[in-house]
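Because the structure is predicted, anything quoted here is derived from the model rather than measured. Reckoned from all heavy atoms, side chains included, excluding hydrogens, waters and symmetry mates. In listed order, ligands and their atoms are each counted from 1.
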Amino acid sequence: MVKLSGYKKVKAAVFISGTGSNLKSLIEFSKKKKSPISIDLIISNNPKAKGLKIGKMNKIKRKVYNFKKKYKIESQILYDLKKHQVKMICLAGFMKLLSRNFITKFKGKILNIHPSLLPKYKGLNTHQRALNNNEKYSGCTVHLVNSKLDSGKIVLQKKVKITKNETVKSLAKKVLVQEHKLYPKAILKVFNL
Ligand code: GRF
């Protein structure tokens, strides 16, 4: 789907809003020889996002945007992405919805990670809802982003078993461990590697 030109890594941006543990795993992956991407820009809507520190430690350029004026901000982001020659976007715990116009500009080049086995439990509070429904399994999904929430084409999923005394906290922890492995694998898949 995404083509590699020569042996150069494709420049990617990671969008975050919080802790940035997926960002961390993506940075580690991007430094490996087998990674088809480099991470050249981190974008956050939240100036307090812990992930920004991870970016700083790794000397990656970071930008914080106030999404109150979404359309104006999105055009600034598009400008920055172009300036940094970014060709791919990884959403990793990014809590804002991107507009159809923005997504069209990066059609087929935006990935997201979601903590459920989509199409089940789109949106927020996925773990609570899975537990309320007495699900036997939950998991995580990497998918392409389209203009509908958590609905784009699924790239990869990983299942985890829900145990007897599972809590939201324990399930979130268990799923997150798998997220960190799944996102890099999904990127390799997108590049047919
Ligand atoms: C992850 O569970 C991700 O799937 C969800 O938000 C969480 C972000 O965690 N969208 P982190 O910021 O990557 O640690």
Show me which atoms of ligand 1 lie under 4.0 Å from any heavy atom of [X].
{"X": "Leu176", "answer": "1 (C), 2 (O)"}
{"X": "Gly20", "answer": "11 (P), 12 (O), 13 (O), 14 (O)"}
{"X": "Thr19", "answer": "12 (O), 14 (O)"}

Checklist entry - Relative to each other, are the rings of Phe106 and Phe102 parallel, tilted or perpendicular (30° and 60° limits)? => result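 Rings of Phe106 and Phe102: parallel, as their planes differ by under 30°.
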For [atom], closest protein heavy-atom neighbour:
{"atom": "atom 10 (N) of ligand 1", "answer": "Ile113 O, 3.4 Å"}
{"atom": "atom 14 (O) of ligand 1", "answer": "Ser21 OG, 2.5 Å"}
{"atom": "atom 5 (C) of ligand 1", "answer": "Pro115 CD, 3.9 Å"}
{"atom": "atom 9 (O) of ligand 1", "answer": "Asn22 ND2, 4.0 Å"}
{"atom": "atom 1 (C) of ligand 1", "answer": "Glu179 OE1, 3.1 Å"}
{"atom": "atom 8 (C) of ligand 1", "answer": "Gly93 CA, 3.6 Å"}

Checklist entry - Does a side chain donor of either Asn133 or Tyr121 reach within less than 3.5 Å of an acceptor in the other side chain? => result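 Result is yes, a qualifying pair exists.
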Checklist entry - For atom NZ of Lys70, is the number of surrounding heavy atoms from other residues, nucleotides or ligands below 6.0 Å larger than 12? => result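 Yes, enclosed.
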Item to check | Heavy-atom neighbours of Lys174 NZ exceed 12 at 6.0 Å | outcome: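 Yes, enclosed.
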Next on the checklist: Any carboxylate oxygen within less than 4.0 angstrom of a Lys/Arg side-chain nitrogen, looking at Asp40 and Lys61?
Outcome noted: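 No, no charged N to carboxylate O under 4.0 Å.
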Item to check | Cationic N near anionic O, under 4.0 Å, Lys161 to Glu166 | outcome: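 No, this pair does not count.
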Checklist entry - Is the Phe15-Tyr65 ring centre distance short of 6.0 angstrom? => result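 No, ring centres 6.0 Å or more apart.
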